[in-house]
Amino acid sequence: MNRELTFNDQLIYSGALLLADKKERKNMLHFQGTFVDISPSGTLRIHDQSSLVCDAQGKITWIGDTAEAKKRFPNATLHTFQEGSFVLPGFVDCHIHFPQNRIIGAVESDLLHWLDHHVWPEERKYKDEAFSKMMAQEFVHNLLSNGTTAALVFGSQFSSATDHLFEEGLRQQMALVTGLTLQDRHTHPELEYTAREIRPHIESMISKWHQKERLRYVVTSRFSPACSPSLLKMMGEIIKQDSSLYFQTHINESHAEIEWVKQLFPECEDYLASYEQFDLLTSRSVFAHSIHTTEHELKRMGQHQCSVAHCPSSNAFLGSGSFSFKKHKEHDVQIAMGSDVAAGVSFSLWREMGHAHLIQMRLPEEERTFLDATQMLSSVTIDGAKALRLDHEIGNFESGKWADFIVFHPSKGRYLSKRFDECKDNSGHIDPKYIQKLLFQSALSYEDDMISHTFVKGKPVFQRECD
Ligand SMILES: [Zn+2]
């Protein structure tokens, strides 16, 4: 059984009491445990039996040797994580849909039929204020309980529902980038708004939420088949007014979709051009899927410093195809990971890491990328932070970044219960080679119990209750 924590809750673990003050926290916090992250040079970094100290605002001020930490910060409140656990940076989900929370696994033969039969009927329900408020809380809880502390989210088409999502992200103090999902054709009349109708709502939402604490606004096109040229043009105009705004959409997910784009945009040389002609390719543009993207498109995405969100389980679920790490890397396109709920089959980026490996192994050998644990962990932490241009704030354990992290227990997995002991050398220290193996195995055999806590800005926001 899980529960969500408020800032006033108390957590008990390792026999120690963690007090989250009812008043604003005055003291620094000193966390003691084994911290694993990706270094700025891209290597797996292990701070074995070390300390992380964060200030009263929740920013990391120091990471390293525990004796030194105690000397430097004698008044910091000490919290010790259980042996056998690792502390990992909070995960970054770069593609997920808020109003699809409850249709995971709703089966269909392909993307376009799935949209008609499951997505449009479900997304219409978010017009109801009470329902959408409840779902915002459920959605954010699902993110946090799966270790996701930053996310790029397709919001609802309805302003009130997307407002509820922002409110919940603010309440939990997480890094949430979201915005109204825009579409004006080929979906359902209740979900469609013309550029003229929706523009004032977008502008008021940007002034209300963009850069409020850790919230950001993303101009969101469902995909170009559902957006008329006038709607796409309006999106480009809004982005041009403020270079700190994001853009997100889908691209090159299925062959039928690509054919449809050709018919709807006969003047465009390819799918990417349907966005490019309206200046929607920026360093803050994130394109989901990008499975069948051509070399010519990749070249332009790289030139504009766009990012892509790889969504492995979704691609398998809808039979859309296999993503190529190699081709995107050849063109310096930043790759991040997305759960793509609800075509993705869970909120867990651990599971997405495992699915990513399985999908690569289906590719012919010459096209395959063998993902090691470093690449897997990188894809859900620092690579996601880079795609969101937030790598100065999140993604690994560096001074000045937010203390967003998860407490991970591989030994809680039924297949890995004894493996942690094998990670230690004769002197009791952790051997990095075994951590690589353990993380890889964790991704392939992930179970929910393996994440015990999630912290945002040094504050507990989720604790899994044990039987
Ligand atoms: Zn999607």
Side-chain angles (χ1 to χ4, degrees), residues 92-108 110-123 126 139 142-143 148 151-157 161-162 165 176-183 186-188 191 218-227 235 246-258 260-261 271-272 274-275 280 285-293 306-323 335-349 351-352 355-356 359 380 384 387-388:
V92 184
D93 190 333
C94 281
H95 185 64
I96 185 164
H97 297 256
F98 161 47
Q100 297 177 14
N101 199 30
R102 288 194 170 176
I103 53 167
I104 289 177
V107 73
E108 202 49 73
D110 62 28
L111 169 69
L112 301 181
H113 288 98
W114 181 72
L115 290 170
D116 281 340
H117 296 160
H118 300 286
V119 173
W120 312 142
E122 181 66 15
E123 295 196 350
Y126 285 67
F139 179 82
N142 286 342
L143 291 174
T148 298
L152 177 65
V153 183
F154 273 59
S156 168
Q157 294 80 356
T162 303
L165 182 59
L176 186 73
V177 186
T178 189
L180 292 167
T181 293
L182 306 179
Q183 53 200 41
H186 305 138
T187 63
H188 187 283
L191 299 172
V218 55
V219 175
T220 303
S221 153
R222 164 73 68 181
F223 62 164
S224 53
C227 298
M235 294 183 214
Y246 295 84
F247 174 70
Q248 66 174 343
T249 190
H250 298 88
I251 196 163
N252 291 317
E253 183 174 357
S254 80
H255 292 298
E257 168 206 19
I258 294 166
W260 198 13
V261 172
Y271 197 156
L272 186 68
S274 66
Y275 302 118
L280 294 167
S285 298
V286 180
F287 293 90
H289 301 287
S290 191
I291 299 168
H292 309 289
T293 306
C306 303
S307 301
V308 295
H310 173 34
C311 310
S313 74
S314 165
N315 297 347
F317 178 71
L318 292 173
S320 303
S322 301
F323 177 85
I335 304 166
M337 197 77 88
S339 62
D340 195 20
V341 165
V345 296
S346 86
F347 278 73
S348 170
L349 289 177
R351 292 203 170 91
E352 291 304 321
H355 289 302
I359 286 184
V380 299
L388 298 184

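Note: hydrogens, waters and symmetry copies are ignored here, and every other heavy atom, side chains too, is used. Remember, it's 1-based here, ligands and their atoms both numbered in the order they're listed. These figures come from a predicted structure and were not determined experimentally.
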Name, closest N/O/S atom of D340 to the Zn ion (ligand 1): OD1

H95: its N/O/S atom lying closest to the Zn ion (ligand 1) (atom name): NE2

Any N, O or S atom of H289 closer than 2.8 Å to the Zn ion (ligand 1): no

Parallel, tilted or perpendicular, as decided by the 30° and 60° cut-offs, for the rings of H97 and F154: tilted

Side chains of T249 and F287 in contact at under 4.5 Å (non-hydrogen atoms): yes

Note, H289 side chain near H95 side chain (heavy atom, < 4.5 Å): yes

H97 atom NE2 and H250 atom NE2 as seen from the Zn ion (ligand 1), angle to 10 degrees: 100°

Check: T220/Q248 side-chain N/O donor and acceptor closer than 3.5 Å: yes

Backbone or side-chain N/O/S of C311 under 2.8 Å of the Zn ion (ligand 1): no

Residue pair S313 / E352, side-chain donor-acceptor N/O under 3.5 Å: yes

